[in-house]
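Contents: one structure, followed by commentary.
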Amino acid sequence: MAEKVGVYICHCGSNIGGVVDCPEVAKWARENLEDVVVSRDYKFMCSALGQDLIKDDIAKEGLTRVVVGACSPHLHEKTFRNASKAGGLNPYLMQMTNLREHVSWVTADKAAATGKSKSLISGAVHRVVHQEALAPMPVPVNDHTLVVGAGIAGIQAALEIADAGYHVYLLEREPSIGGHMAKFDKTFPTLDCSACILAPKMSDIDQHENIELLTYSELESLSGYVGNFKANIRKRPRMVVEPDCTGCGLCIEKCPKRVVDTEFEAGIGYRKAIYRPFPQAVPKIPVIDVENCTYFVRGKCKACEKFCPTGAVDFKQVEEVREVDVGNVILATGWKPFDARRVSQYGYGRMANVFTSLEFERMCNSAGPTDGKIVMRDGVTEPKSVAIVHCVGSRDENYNPYCSGVCCMAALKFGHLVLEKTDAEVTSFYIDLRTNQKGYEEFYARLLDEGMNFVRGKVAEITDAARYPGEEGKIILQAEDTLLGRQRRHPVDMVILMGALEPRDDSKELGIKVGVSCSMDGWFTERHPKLDPVATMTDGIFVAGSCQGPKDIPASVAQGAAAAARVVGMINRKSVMVEPVVASINDEKCSGCRICNTLCPYGAITFDVQKSLSGIETALCKGCGTCVSGCPANAISGAHFSNAQIEAELDGILFEIQQGAATGEGAPLAEKGGRHE
Amino acid sequence: MTFAYYPGCSLEASSEAYDISARAVCERLGIELQEIPDWNCCGATEASALGYLSGHALVARNLALVDKSLKDVVAPCASCFLNLKKTDKLMKEDRKIGGKLAEALEAGGLAYEPGSLRIRHLLEVVHRDIGHDRIQQAVVRPLTGLRIAPYYGCQVVRPVGDSGDADDPEQPQAMDELFSWLGATVVDYPVKAHCCGGHMTQISTEMSNELLRRLLYTADEHQADIIVCACPMCQLNLDAYQGKVNNAFNTAFDVPILFFSQLLGLALGIEADALGFGKEIIDSKDVLAAKLDQEETAETPSAPRRTRRVSRSLPMPKKD
Amino acid sequence: MSDISALSTEPSFLDEVIDATSGGDRLRSCLQCGTCGGSCPNGSDMDHTPRALFALIAAGEREEVLSADAPWFCVSCYACTVRCPRKIPITDLMYTLKRIAAREHFAKKQDAVALAENFNRFILRYGRSFEFGIASRFYLTRKLGSIFSLGPLGIRMMRHGRLSLTPSKIENLAQLHAILDKARELGGES
Amino acid sequence: MSEPVFEPRIVGFFCNWCSYRAADLAGSARLKHAPNMRIIRVMCSGRVDIEFILKALAGGADGVLVAGCHPGECHYVEQNYKTIRRVAMLKHALKPLGIDPNRVRLQWASAAEGPQVAAAIDEFVDELRELGPLNWTGQWAGRGEECREAVDKIAAEHKEAMEVMP
């Protein structure tokens, strides 16, 4: 039986109405398009009155389908679905088409705009009659959660969820939790001691009954879907039996092998071959670095084993893989520091007294290699002058186009520390100083008062080639002082390079494991940059902290908490509704060719060997439709985006085009379609 | 291996020594050079200052004249090298201009397929294509005892239209490695890729003198016996104008400036006269005689930047 | 008037410069960081650093830019181009400014123009450059004063066989001219 | 200007996440561009069935533009890579069908690239103006006889092959 379609053209004030002849479009639809029983135009369809038009017509005219020509569906699709629902129509029987963003706002020529609107409406009408009533599907939610990464963002998220009374698996690749924050001395802009605020949280994690800490471990694979994930976790061998170890540290004391610590000490300090990254490490259990351990390299030593009072050392330990069931996953894998060697004109690695920001953080830390003393590479001499170089590897298309966000404030913090701990003068070379959070601009003002110098100009090169008297034995920064428009050479004893924050090398890899995409830069992509910043396109997977983009501590903590809130919300609901836009396979038509099996990145398509048929795990399907268009037998159909629906929309559009051709009036075709005038 | 050879104007006149030594070295290393027939000037840095298309057309003619059976053009002159590369890249990447240049070539009955030639600098060919093993085998007269400041200048190392595998444009290594293979002591010459002033010697002696002074001063600070060049302009400026620099700043620089190919030739056992020695204005005979084979004494002061290692000293960042 | 031209919808000086440079549109993304000005070996002697020139171009200060000496002090060392965080072809832009300035006789006072013109004159005549000719003619026409100071150098060069007094000439000069004429015609060069 | 310009008719398949939003952005930014484009929204460029494109060309469109997220930024992880392959293969097949492959265009656009989308549409319109009207079905009109002959010829050639063995 024929459907009864109602068409509603929105003027959006003059936004659409000012360019598109809405009454004409409505009239044309009524007269030219099959199944259209009602066709109206109205000033504001999204207004209550506009929505009432739809509801009433559904009741009075017995509409079975609704087409709305207005703004972008991304704005008001929900609105008009609800209106249809309120009128007693299944919301998925409403089709919206975009006459504003895609027509009136981008077209100068009115005739052209009107013609284009007609064809879009025609497309929508043809499509809507093929649409089917759909209902969202409920699935249960497991109340365990996996948090990947135990930096400050992951720690915050884990604690929030655990405190809400739910079990958390907290995964950390390094031997200890704490992340980068554990390496810092002070935090901007308040200058409170990083360890003092982090350490308590770390021991909370250690003691929390709802948190199961999995350190020295990585996520091997993730399968399943929202509410019902299975995670495989690979635990590397510490060579120390955790339950037996008391963390007394005797083994570390006795270990004869000293190694440069490129991880925690950023390369300016040493550790033993059996070590604990830092005294307050959580857990306290040490690990053996098998690359450097004398026993593993040469086959003899075993000092640690000899001296261990509880016999906890076990050189035969092997890695283990375990599987955990979780309902939600939070990614908080953080960032990695930019390799300053790549900017060879800055001479890092060539000139001893050029340091990276992370090296300097460790130097300032009273628990660091220099006991907090600011000294040159020789380890004793205090610098008389220090230069801080901004944007090293940031805002630079040769390295990373983005702004790393935190460096400006960290540079101010460094400036303060230098002025506080030494008699040196400090000069910062910046392009723009970005201090746009609470208390940040005030901190900048404070540093001006404290006598830190600022030069606006990106440093062109750093050299030890003296040119003028007074430059001998110094490191010279050459830059243009852009506020003076003059080239400037600035000799100093010590340089600090504010290196960029970069995505982890394996972030893309991890993204593919869990079905989260990465931006071109390699940061995880959130569902919506403004309105949904911690969710991802994969339901049940959330992001927090710097793995989603450079962030400072406050922002990371906020995101950790936000992600936790989303997870707790999910758990409390017990079950979640998933959009019904999914694919399904018609067994009659499926030839078992398995072409579709390889097309799905979510592993939603399974193959039944007995029946030799492919099948789709509905809850896993995200509805992209790639398998639908890939099936040679047309056996797969995509709900709400079926071949019939899309081809009908195409027919509708072509219908107007052919009609236009016939009448010669076809939309833009008479006048030259208005271009940038 | 056979390469098309583009000597360029300077190598015909002021820098004959470069041409002679380049040919000699290549012959010794089994590189056959086929000079481009009737090649013309590349326009240096001057032609494109007045005409855009004509500037590139000048270069394009040379590319078009290369025997189509050859895949590589080798140019010893930095400016020639860069100009050839730039024009080739432009023709390849900017369809509009590429088309016009093709049309211009056609007017002369010539044609060139952009990207069909690899534009190489002599230094790269020796360093990459011949490489460590074959060079070391060929060395008969190591340059032991000689402190070398490798000076690359600008246009050899700036990656204009290069693939990613080009040498570091800021701290290039090719010459450093080459001369360490030859047994010389290579000083870490921080200004190795700074500019010698190019044509500034013709325009403003004040400015060019200063640029040259910087290079000489740093070489002196690092106790270099000789500065080696891979560019005729660099060599000419440092060599011919060294006296003027001394007058201008009353300094007493007296560093011989040689082409890398000359010293390489010496190490390969080629006779000095067959390498154009003696054409340099600051004579290099005495230095070579004095230094060669004098094993470097232990307490040769090294570059000032090296901080003396105290037990408390912090580790340096690892290489690579 | 310049500010007006910057605001009006007429193709601005910025557009003019960009259109005359392959890849020049990168100039729009300049963030005025001064890497170019800091990198330039002659940066301390220029009346405007490249960065400042770009600001003036954006502001439509045509005359001031074209009469600047900065482009003529560019030695084509490409340090700025390699380092520019916005990948702006700065050296090429300097060539563009030189060309416009030379075409519109803004730069008569620049020695560099004379040198370039000289150089090109010899290329046209011989197909190759002729250092001795260029140098002597250049000094005779421009720097009569300093030619004597140059004498001894010339003599030393000659003694070391580094100054050929006879230019070498290519055979197919006609072909070269045909190519260059066509190029000039296509490029609308005078 | 009176002299009529050929206005190509273009069908676009835009993915819901990046390119459709980019087109929205072009709107919010009021970036005027040629009105020849008709956009059909799909969830992912991977949903674009090659048949859709052929159908559009057969049905009177002079060109088809498929738009998706940048490679590596696909909201479905990697589906746009499949689009690359499919469109490449289609373009390959178009020539023998008498269609210039440039009538099908693949366009990447992140949700932030409204200007790029607007520019791409204008550019595509200009390219199609160069190519002129497609009128694909028209090309075959009145050539039914030819086709039948061709088919018969082939049938004859493969006579025995076509016989079903008893």
Side-chain angles (χ1 to χ4, degrees), chain B residues 9-10 12-16 38-41 43-54 56-58 60-61 90 93-94 97 100-101 103-110 153-155 158-160 169-170 194-195 197-200 202-205 207 211 240-241 243-244 278-281, chain C residues 20 22-23 41-42 45 72-73 75-79 81-83 95-96 98-99 102-103 110-113 115-120 122-123 126-132 134-135 138 146 149 153 156-157 160-164 168 170-172 175-176 178-184 186-187 189:
Chain B
C9 307
S10 318
E12 277 197 325
S14 56
S15 304
E16 219 181 332
D38 200 41
W39 56 268
N40 58 266
C41 175
T45 53
E46 308 308 323
S48 359
L50 299 181
Y52 185 57
L53 223 50
S54 51
H56 284 291
L58 200 59
R61 177 172 179 269
L90 187 68
E93 287 174 6
D94 192 323
I97 295 175
K100 288 182 179 175
L101 284 173
E103 201 177 332
L105 285 176
E106 216 179 311
L110 293 177
C154 326
Q155 304 193 326
R158 302 289 189 256
V160 180
E170 302 283 352
H194 282 199
C195 180
H199 67 191
M200 291 312 286
Q202 307 297 308
I203 294 162
S204 157
T205 11
M207 287 165 71
L211 294 181
Y241 291 82
K244 291 181 136 311
K279 284 182 177 292
E280 69 276 12
I281 288 162
Chain C
S22 180
N42 290 335
D45 297 297
W72 299 102
F73 287 172
V75 288
S76 308
C77 77
Y78 292 87
T81 306
V82 172
R83 292 175 184 168
Y95 276 117
T96 301
K98 289 188 228 183
R99 283 193 297 270
R103 192 175 61 224
Q110 300 295 346
D111 289 331
V113 190
L115 178 65
E117 283 168 347
N118 242 305
F119 192 96
N120 293 337
F122 274 91
I123 294 179
Y126 300 109
R128 295 193 184 165
S129 92
F130 172 35
E131 288 155 346
F132 178 68
I134 292 167
F138 176 62
S146 51
S149 71
L153 173 56
R156 244 181 298 132
M157 301 243 328
H160 288 78
R162 300 188 61 168
L163 212 48
S164 67
S168 84
I170 69 172
E171 282 146 27
N172 201 341
Q175 178 189 55
L176 178 62
I179 293 172
L180 293 182
D181 295 343
K182 189 65 178 175
R184 269 195 223 84
L186 293 169
E189 300 164 20

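Just the heavy atoms: all of them, side chains too, but no hydrogens, waters or symmetry mates, feed the values below. Remember, predicted model here, so these are calculated numbers, not experimental data.
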Taking every heavy atom of B:Leu50 against every heavy atom of C:Ala116, the minimum-distance pair comes out as CD1-C, 3.8 Å
Contacting region of B:Asp94 [heavy-atom separation from chain C under 4.5 Å]
side chain
Heavy-atom pairs under 4.5 Å with chain C, option from B:His194, B:His56, B:Glu106, B:Gln155 with the top count
B:Gln155
Quick check: does any side chain N or O of B:Glu93 sit under 3.5 Å from a backbone N or O of C:Ser22, one acting as donor and the other as acceptor?
no
Please classify the contact between C:Tyr126 and chain B as side chain, backbone, both or neither, with a heavy-atom cut-off of under 4.5 Å.
neither
Check side chain to side chain donor-acceptor pair (under 3.5 Å) between B:Trp39 and all other residues, then give those that pass, not counting sequence neighbours.
B:Glu35
Considering all heavy atoms, the nearest B:Ala107-C:Ala178 contact
O-CB, 3.7 Å
Is there a donor-acceptor contact under 3.5 Å from the side chain of C:Arg184 to the main chain of B:Ser54?
no
So for B:Glu103, is it side chain, backbone, both, or neither that comes closer than 4.5 Å to the heavy atoms of chain C?
both
Against chain C, label B:Leu105 side chain, backbone, both or neither, depending on which of its atoms sit under 4.5 Å from a heavy atom there.
both
Keeping C:Glu189 on the side-chain end and B:Leu53 on the backbone end, is there a donor-acceptor pair under 3.5 Å?
yes
Can you tell which part of B:Glu170 gets under 4.5 Å to a heavy atom of chain C, answering side chain, backbone, both or neither?
side chain
By side chain to side chain donor-acceptor pair (under 3.5 Å), which residues pair with B:His199, not counting sequence neighbours?
B:Glu46
Chain C shares the most heavy-atom pairs under 4.5 Å, among B:Leu90, B:Thr45, B:Leu101, B:Ile97, with B:Thr45
Verify, without hydrogens or angle tests, whether C:Asn172 (side chain) and B:Asp38 (backbone) share a donor-acceptor contact under 3.5 angstrom.
no
Which atoms of B:Leu211 are under 4.5 Å from chain C, going by heavy atoms: the side chain, the backbone, both sets, or neither?
side chain
Just by modelled atom types, is the C:Gly161 backbone N or O under 3.5 Å from a matching donor or acceptor in the B:Lys279 side chain?
yes
